[in-house]
Amino acid sequence: MKARTRAATILLTPFFLLFTAVMVVPIGYAVWLSLFTEKQSGLGFGGTETVFTGLDNYTAALGDRAFREGFGVLLGYCLFYIPLLLAGALGLALLLDSALARARRFFQLALFLPHAVPGIIAALIWVYLYTPQLSPVVQAMEAGGIGFDFFSPEGALPSIVNIALWEWLGYNMVIFYAALQAIDRSVLEAATVDGAGAWRIAFSVKIPLVKASLAMVGLFTVIGSLQLFTEPLILNKGTGSAVTSTWTPNMYAYTAAFDRNDYGLAAAASVLLALTAALLSFAVTRLTGRRKAGTARKERTA
């Protein structure tokens with residue numbers, strides 16, 4: 001027993017050291033920084049001094065309309081993006097897993113390749129495709145009588161969702177496809193022998209057997225959605241863009257830190273966003289856990 005404990009300690013120590021260095025310490029420092037602010041002494045001719053303000057930075061962030069509206073943008077983004085991503089990735093994975101699919105390797109690679117492009121490069125490419133004076137896509141749409149401003153208040157959110165889908169759809173499709181490939185083929189053969197068609201097998205056999213992967217991807221997607229930053233930051237540079245410098249909470253923190261040099265406010269905004277992510281992660285985990293428990297009870301009863 002002691003040997004096992006010693007081996008476990010040796011193997012886990014590097015992980016906990018790295019976790020502490022890159023997660024616990026930065027979060028702790030952000031919390032500490034959020035309790036202070038820098039003020040100029042005198043009439044502004046003296047130097048700055050760091051003053052303890054307690055929860056004032058949190059009050060200032062929550063009282064700022066721009067910060068609150070950023071969470072509204074995130075809510076709309078999640079409601080729009082997450083269902084499309086999960087349904088699209090799962091649908092593509094089911095198509096590749098079906099007996100009718102041809103050239104599976106080619107389509108896996110083709111769908112995964114956009115994820116290999118760095119996010120900032122992908123955003124720059126799409127900003128070019130969204131710009132009316134430059135984009136052949138916009139010009140073709142206008143020639144066909146379709147007018148749509150990708151930078152307008154109504155078009156900004158769909159534009160960013162489109163970029164995110166282009167980046168992450170293939171990645172999550174690979175995860176679902178791997179889960180589908182792990183299903184025991186004898187189960188699928190038994191369903192076929194019982195007379196189930198392709199649609200019935202997909203919805204009644206395959207999808208229930210990959211629920212764990214679906215829950216995992218959903219959890220990671222929720223966390224990733226709350227960190228929305230790169231795409232709107234690049235879209236903010238577009239001509240006449242409705243995306244402001246405080247469009248999301250991450251952009252609000254970035255602007256507070258590097259444009260206004262208010263590091264205490266930026267830290268407070270970051271901590272509030274981290275707490276939101278933690279609460280949502282907990283809620284998603286509990287929800288999926290309850291569903292698993294309910295499914296297990298039904299199986300035992302049957």
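These numbers were taken from a predicted model, which means no experiment stands behind them. By convention here, the first residue in the shown sequence is residue 1.
- Within the structure, every pair that satisfies the ring-ring contact (aromatic ring centres under 6.0 Å, His included) test and touches residues 256-286, not counting sequence neighbours, is listed here: Tyr254-Phe258.
- The two residues Ala266 and Ala253 come nearest to each other via the heavy atoms CB-O, 3.3 Å.
- No continuous path of ILVMFWY side-chain contacts below 4.5 Å connects Val284 to Leu279, so the two sit in separate hydrophobic clusters.
- Between the Ser98 side chain and the Leu95 main chain, a donor and an acceptor come within less than 3.5 Å of each other.
- For Phe52, the ring-ring contact (aromatic ring centres under 6.0 Å, His included) criterion is met by Phe36, not counting sequence neighbours.
- Linking ILVMFWY side-chain heavy atoms closer than 4.5 Å, directly or via other members, places Leu79 and Leu86 in two distinct hydrophobic clusters.
- Follow the hydrophobic side-chain contacts under 4.5 Å out from Val174 and you never reach Leu109; the two are in separate clusters.
- One distance of note links CG of Leu62 with CG of Leu55; it measures 10.0 Å at 0.5 Å rounding.
- Between atom CD of residue Gln108 and atom CG of residue Leu92 there is a gap of 11.0 Å, rounded to the nearest 0.5 Å.
- With sequence neighbours left out, the ring-ring contact (aromatic ring centres under 6.0 Å, His included) criterion links Tyr171 to His115, Trp168.
- Residue Leu272 is not grouped with residue Leu75 when hydrophobic side chains (ILVMFWY) are merged at heavy-atom distances under 4.5 angstrom, including chains of intermediate members.
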For residues 23-35, please give each side-chain donor-acceptor pair under 3.5 Å, one per line with the distance, not counting sequence neighbours.
| from | atom 1 | to | atom 2 | distance (Å) |
| --- | --- | --- | --- | --- |
| Ser34 | OG | Val31 | O | 2.6 |
| Ser34 | OG | Tyr58 | OH | 2.6 |

Let me check something: any side-chain donor-acceptor pairs from residues 7-15 under 3.5 Å, sequence neighbours excluded? List them with distances.
| from | atom 1 | to | atom 2 | distance (Å) |
| --- | --- | --- | --- | --- |
| Thr9 | OG1 | Thr5 | O | 2.8 |
| Thr13 | OG1 | Thr9 | O | 2.5 |

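- Applying the side chain to side chain donor-acceptor pair (under 3.5 Å) test to pairs two or more places apart or on separate chains, those with a residue in residues 155-166 are Tyr130-Asn162.
- Across every non-hydrogen atom of Thr244 and Met251, the tightest pair is O-CE, 3.1 Å.
- The shortest heavy-atom contact between Val138 and Pro132 is CG1-CA, 3.8 Å.
- Between Leu94 and Lys206, some side-chain heavy-atom pair lies under the 4.5 Å cut-off.
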Could you tabulate the donor-acceptor pairs under 3.5 Å formed by side-chain atoms of residues 221-235, not counting sequence neighbours?
| from | atom 1 | to | atom 2 | distance (Å) |
| --- | --- | --- | --- | --- |
| Thr221 | OG1 | Val217 | O | 2.6 |
| Ser225 | OG | Thr221 | O | 2.7 |

*Which is it for Leu157 and Trp247 under the side-chain contact (heavy atoms from CB on, under 4.5 Å) test, yes or no, and what are the steps along the way?*
CA-CA 10 Å; Leu157 186 61; Trp247 203 63; 3.9 Å; yes

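- Closest of all the heavy-atom pairs between Ala191 and Ile201 is CB-CG1, 4.0 Å.
- Remark: the backbone N or O of Gly155 is paired with a side-chain donor or acceptor of Ser152 at under 3.5 angstrom.
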Can you list, pair by pair, the side-chain donor-acceptor contacts under 3.5 Å of residues 180-187, counting residues two or more places apart and other chains?
| from | atom 1 | to | atom 2 | distance (Å) |
| --- | --- | --- | --- | --- |
| Gln181 | NE2 | Asp97 | OD1 | 2.6 |
| Asp184 | OD1 | Ser186 | N | 3.1 |
| Asp184 | OD1 | Ser186 | OG | 2.9 |
| Asp184 | OD2 | Ser186 | OG | 3.0 |
| Arg185 | NE | Ile183 | O | 3.3 |
| Arg185 | NH2 | Leu180 | O | 2.7 |

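- A donor-acceptor pair under 3.5 Å links the side-chain atoms of Asn236 to the main chain of Val243, judged by distance alone.
- The ring-ring contact (aromatic ring centres under 6.0 Å, His included) test applied to Phe71 returns Phe67, not counting sequence neighbours.
- Annotation: the span from Leu273 atom CG to Leu74 atom CG amounts to 7.0 Å, rounded to 0.5 Å.
- Qualifying ring-ring contact (aromatic ring centres under 6.0 Å, His included) partners for Tyr177, counting only residues two or more places apart in sequence or in other chains: none.
- Within the 4.5 Å cutoff, side-chain heavy atoms of Leu165 are placed close to those of Leu84.
- Between atom CZ of residue Phe176 and atom CD1 of residue Ile207 there is a gap of 9.5 Å, rounded to the nearest 0.5 Å.
- Hydrophobic clustering (ILVMFWY, side-chain heavy atoms < 4.5 Å, transitive): Leu113 and Leu124 are in distinct clusters.
- Considering only heavy atoms from C-beta on, Leu219 comes within 4.5 Å of Ser281 through its side chain.
- Applying the side chain to side chain donor-acceptor pair (under 3.5 Å) test to residues at least two apart or on different chains, the pairs with a partner in residues 64-85 are Asp64-Tyr252, Arg65-Glu69.
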*Start with the C-alpha distance between Leu90 and Met173, add both sets of side-chain angles, then the distance that settles side-chain contact (heavy atoms from CB on, under 4.5 Å), and finish with yes or no.*
CA-CA 6 Å; Leu90 185 57; Met173 178 273 299; over 6 Å; no

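- A pairwise comparison of heavy atoms in Leu169 and Gly88 identifies CD1-C, 3.7 Å as the closest pair.
- If you chain together ILVMFWY residues whose side-chain heavy atoms come under 4.5 Å of each other, Val51 ends up in a group of its own.
- A distance-only check finds no donor-acceptor pair linking the side chain of Ser213 to the backbone of Ala179 [under 3.5 Å].
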